[in-house]
Amino acid sequence: MAGRVGPPASGSGRVEPRWGRYHADQTDRSGGKAENLVFHGRLEHMRIAVVSDGEGGGRLRELGSGSGPHGGLWQVSDLAGAISDYQGYAGGSIRWIWAATDDLYPALMEHSLRIPRCHDIALVESLLLAYHGRFGEARSLGAAWARLHGRDVPPDPVSRAGEGADPQPTLFEPDRSAIPAGVDRLDALIEVHADQQRRIAELPHPGRFALLASVESAGALAAVEMSHSGVPWRADIHDAVLTEHLGARPPSGMRPPVLAELAGRISEEFGRRVNPDSPTQLLKAFSAIGHPVPSTRSWVIKQVDHPVVPLLLRYKELSRLHSAHGWTWLENWVSRGRFRPDYVVGGVVSGRWATRGGGALQIPKAIRKAVVADPEWTLIAADAGQLEPRVLAAVSGDDALAAAAGGDDLYAPLARSFGGDRQRAKVAVLSALYGQTGGDAAPLLRTMRRDYPSALAYVDSAAQAGEEGGLVRSWLGRTCPQPSQMWRRLVLDGTGGGPSRDGGRSARERGRFTRNFVVQATAAEWALVFMAAVRRGLAELGSTYGTPQMVFFQHDELVLHVPRPVADSAVAVLYAAAEEARTLMFGDISVRFPLEVAVVDCYADA
DNA sequence: ATTCGCTGCCAC
DNA sequence: AAACGTGGCAGCGAAT
């Protein structure tokens, strides 16, 4: 086994063990089992801590198991080469420990290097802080190290803005870990990692949280990979769609012909010059023609009976297309046939991803025509249908809802309680998830509460905790932000005979938030577990035709771009991954998470 | 000239 | 007017 430890320093010449190894007898340290530790029932992999020097090189060190000594320390001038060698040597069974995926992985991808697993210190620190009611505190490696040593905690470096379609050539990011001068970054990384492992082990459900840390980190890898691959995007089709709806492309800053004409006709109908983009002007204009409206929202305007209304609604629709996904967007975000959004993993409190620029999570249906697979390739869109109510069934243990979630249409059984009205059943379920009480929700909720009492009790309890200022958690342990000082003053410190009106409103708002959080956050982590499994499955699939890729991820939907000959295999990977996510998270339950899979040339057909 | 809150619409 | 959660983003227009 001695030969199984350490990178293959010979041959490539890329690895330069300048400092040699700290532990001459390290090969005896683990009985040869270092790479196959079983941790909380799951297979753990050899862990190697890595820091970059910002100039293409860096340092690495194998971590021992538990309290065992660490392995060799390496300083290399070609970090990507060293990591590649290590992975070739260890058969990919390595989990790389690093300060922040965003700082290291883009440069590795430039070297066509794919990392199977990592532990992202900043992301895990963020999860751990939130768990203990410290959401939002600095989470960089430097911040974590400073907290560990009682030093002043440096603020997180400001994240760079999205770079658009033509990002700068990628180098390893300069040191953004905020480690104080004089402190060895690799030592700090190893120390903070051990501390995080310890903090996770102390939690009530360490296995669940370890899974969360693992898939959050896997998500960070996938996000970088997806930005790198990009969504296949036909600019010519996009341009044709825009021209069809808006007319020929205008000089920049001008209204397209169709919008200009609509604006003119709207002004004529009002009998005055009105900029339809200005809510203020529209409100005045509606008053002037004897149809005062409280707002200019589409659904409000629709109630008004006047010939200007259809023109205005049409204008709003097309204006949205032009401003949000028009020619300017196309130039800024699409290049060389790919749309490259910049994902922010964990950017949403519930654990969903956000994006920075490009609006990737709001690609309107009209524009999806432009998403077309390359020749000889195909798109595979997989959507987890009714994910949130199914998650509620799983976490609440409501037998009736779980039975409903054992079928393809979760709403069908409840619909029978509404005389077969499926739409009302759907509104009832979503009202329970969102805390809706107004409109027609109240009577629907009564039926929901009667049929699924445990499910309602679960979200009601989360709402109550939120209203009282408490924390709620997802199934794996992602924790909602603590209430702000302002909120506490308003709600909890109310003087006299009870909370003020503002306090009551704030309390109910937070209640709706925490009610939804326990479900949305768990749905998000189901999606992360699913994605991590898909990612691994695709890597194992391989292909002589080209590498199957994940290219788009949006809350409960994943889009793959794969060579046609491997499409069937990729679909099988998707189904297996959904099943794996279900059992990894919830074990043996009757709730199913059916996947709607569409193999299509064009995303609009999914 | 720049910043920032608001409005309104898009996605899930 | 309605009383539903998480977000991004463009345009407006007042504040700076």
Side-chain angles (χ1 to χ4, degrees), chain A residues 161-162 253 255 259 274-283 292-304 312-313 315-326 328-329 332-333 341-344 346-368 383-389 391-392 426-442 444-445 459 462-463 466 472 474 478 480-481 501 504-505 508-524 526-527 552-558 603:
Chain A
R255 275 199 180 108
L259 283 180
V274 174
N275 175 4
D277 289 323
S278 166
T280 312
Q281 291 184 31
L282 282 177
L283 288 178
V293 286
S295 86
T296 62
R297 290 175 173 84
S298 291
W299 66 269
V300 172
I301 302 292
K302 267 177 203 153
Q303 323 283 325
V304 177
L312 195 51
L313 293 175
Y315 180 91
K316 278 173 174 285
E317 187 185 346
L318 294 178
S319 171
R320 166 80 193 176
L321 175 66
H322 177 240
S323 64
H325 287 93
T328 307
W329 181 93
N332 286 338
W333 291 100
D342 199 0
Y343 295 99
V344 186
V348 179
V349 291
S350 63
R352 303 210 299 200
W353 291 7
T355 53
R356 199 160 34 207
L361 301 185
Q362 37 180 131
I363 299 172
K365 300 279 196 312
I367 289 300
R368 298 185 180 188
D383 188 299
Q386 306 172 340
L387 179 57
E388 293 192 352
V391 160
L392 176 58
K426 184 173 175 179
V427 171
V429 172
L430 295 181
S431 297
L433 292 179
Y434 293 149
Q436 180 176 351
T437 54
D440 302 331
L444 302 181
L445 266 178
V459 286
V472 298
S474 69
R478 191 186 303 271
C480 77
R501 190 164 6 130
R505 183 170 47 78
R508 284 189 296 278
E509 277 177 7
R510 187 156 195 278
R512 284 194 297 275
F513 164 56
T514 52
R515 167 190 297 274
N516 183 255
F517 182 93
V518 293
V519 175
Q520 187 181 117
T522 305
W526 182 92
F552 189 59
F553 174 59
Q554 172 172 248
H555 311 317
D556 60 0
E557 184 182 7
L558 187 63
Y603 189 30

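Per chain, numbering begins at 1; letters A, B, ... match sequence-line order.
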| Side-chain donor/acceptor of Arg352(A) to base of dC12(B), under 3.5 Å |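 Looking at the base of dC12(B), it does pair with a donor or acceptor on the side chain of Arg352(A) (distance under 3.5 Å).
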
| query | Starting at the 5' end of DNA chain C, which residue's closest nucleotide do you reach first, Thr280(A) or Thr437(A)? | reply | Thr437(A)

| task | Could you list where the contact with chain A starts and ends along DNA chain C, reading 5' to 3', using a 4.0 Å heavy-atom cut-off? | result |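 So the contact region on DNA chain C extends dA1(C) to dG13(C).
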
Please round to the nearest 0.5 Å and tell me the distance separating atom [atom1] of [X] and atom [atom2] of [Y].
{"X": "Glu557(A)", "Y": "Leu387(A)", "atom1": "CD", "atom2": "CG", "answer": "12.0 Å"}
{"X": "Leu312(A)", "Y": "Lys302(A)", "atom1": "CG", "atom2": "NZ", "answer": "11.5 Å"}
{"X": "Arg255(A)", "Y": "Asn275(A)", "atom1": "CZ", "atom2": "CG", "answer": "5.0 Å"}
{"X": "Arg478(A)", "Y": "Thr522(A)", "atom1": "CZ", "atom2": "OG1", "answer": "9.5 Å"}

Base, sugar-phosphate, or nothing: which does [X] touch, judged by heavy atoms less than 4.0 Å apart?
{"X": "Thr296(A)", "result": "sugar-phosphate"}
{"X": "Val349(A)", "result": "sugar-phosphate"}
{"X": "Gln554(A)", "result": "sugar-phosphate"}
{"X": "Arg320(A)", "result": "base"}
{"X": "Arg510(A)", "result": "nothing"}
{"X": "Val300(A)", "result": "nothing"}
{"X": "Ser323(A)", "result": "sugar-phosphate"}
{"X": "Trp353(A)", "result": "nothing"}
{"X": "Leu433(A)", "result": "nothing"}

Just how far, in rounded Å, is [atom2] of [N] from [atom1] of [X]?
{"X": "Lys302(A)", "N": "dG8(B)", "atom1": "NZ", "atom2": "C1'", "answer": "13 Å"}
{"X": "Leu321(A)", "N": "dA11(B)", "atom1": "CG", "atom2": "P", "answer": "11 Å"}
{"X": "Gln281(A)", "N": "dG8(B)", "atom1": "CD", "atom2": "C1'", "answer": "16 Å"}
{"X": "Leu313(A)", "N": "dC10(B)", "atom1": "CG", "atom2": "C1'", "answer": "16 Å"}

| said: Give me the atom names and distance for the closest heavy-atom approach of Ser350(A) to Ala524(A). | reply: O-CB, 3.7 Å

| Whole-Å P distance, dG5(B) and dA3(C) |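 Comparing P positions in dG5(B) and dA3(C) gives a spacing of 27 Å.
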
| said: What's the gap between dT7(B) and dA1(C) when it is taken at their P atoms, as a whole Å value? | reply: 16 Å

| task | Look at the rings of Phe552(A) and Tyr343(A) and say which category their plane angle falls in: under 30° parallel, 30 to 60° tilted, over 60° perpendicular. | result | tilted

| task | Return no unless some side-chain N or O of Ser298(A) is found under 4.0 Å from OP1 or OP2 of dC9(B). | result |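 True: Ser298(A) side-chain N/O within range (under 4.0 Å) of dC9(B) OP1/OP2.
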
| message | Please confirm whether the shortest side-chain N or O distance from Lys316(A) to OP1 or OP2 of dG8(B) is below 4.0 Å. | response |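 The answer is no; no side-chain N or O of Lys316(A) sits under 4.0 Å from OP1 or OP2.
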
| Can you check whether Trp526(A) reaches Asp556(A) side chain to side chain, under 4.5 Å on heavy atoms? |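 With C-beta onward as the side chain, the pair stays apart.
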
| Backbone of Gln436(A) reached by a side-chain donor or acceptor of Ser431(A) within 3.5 Å | no

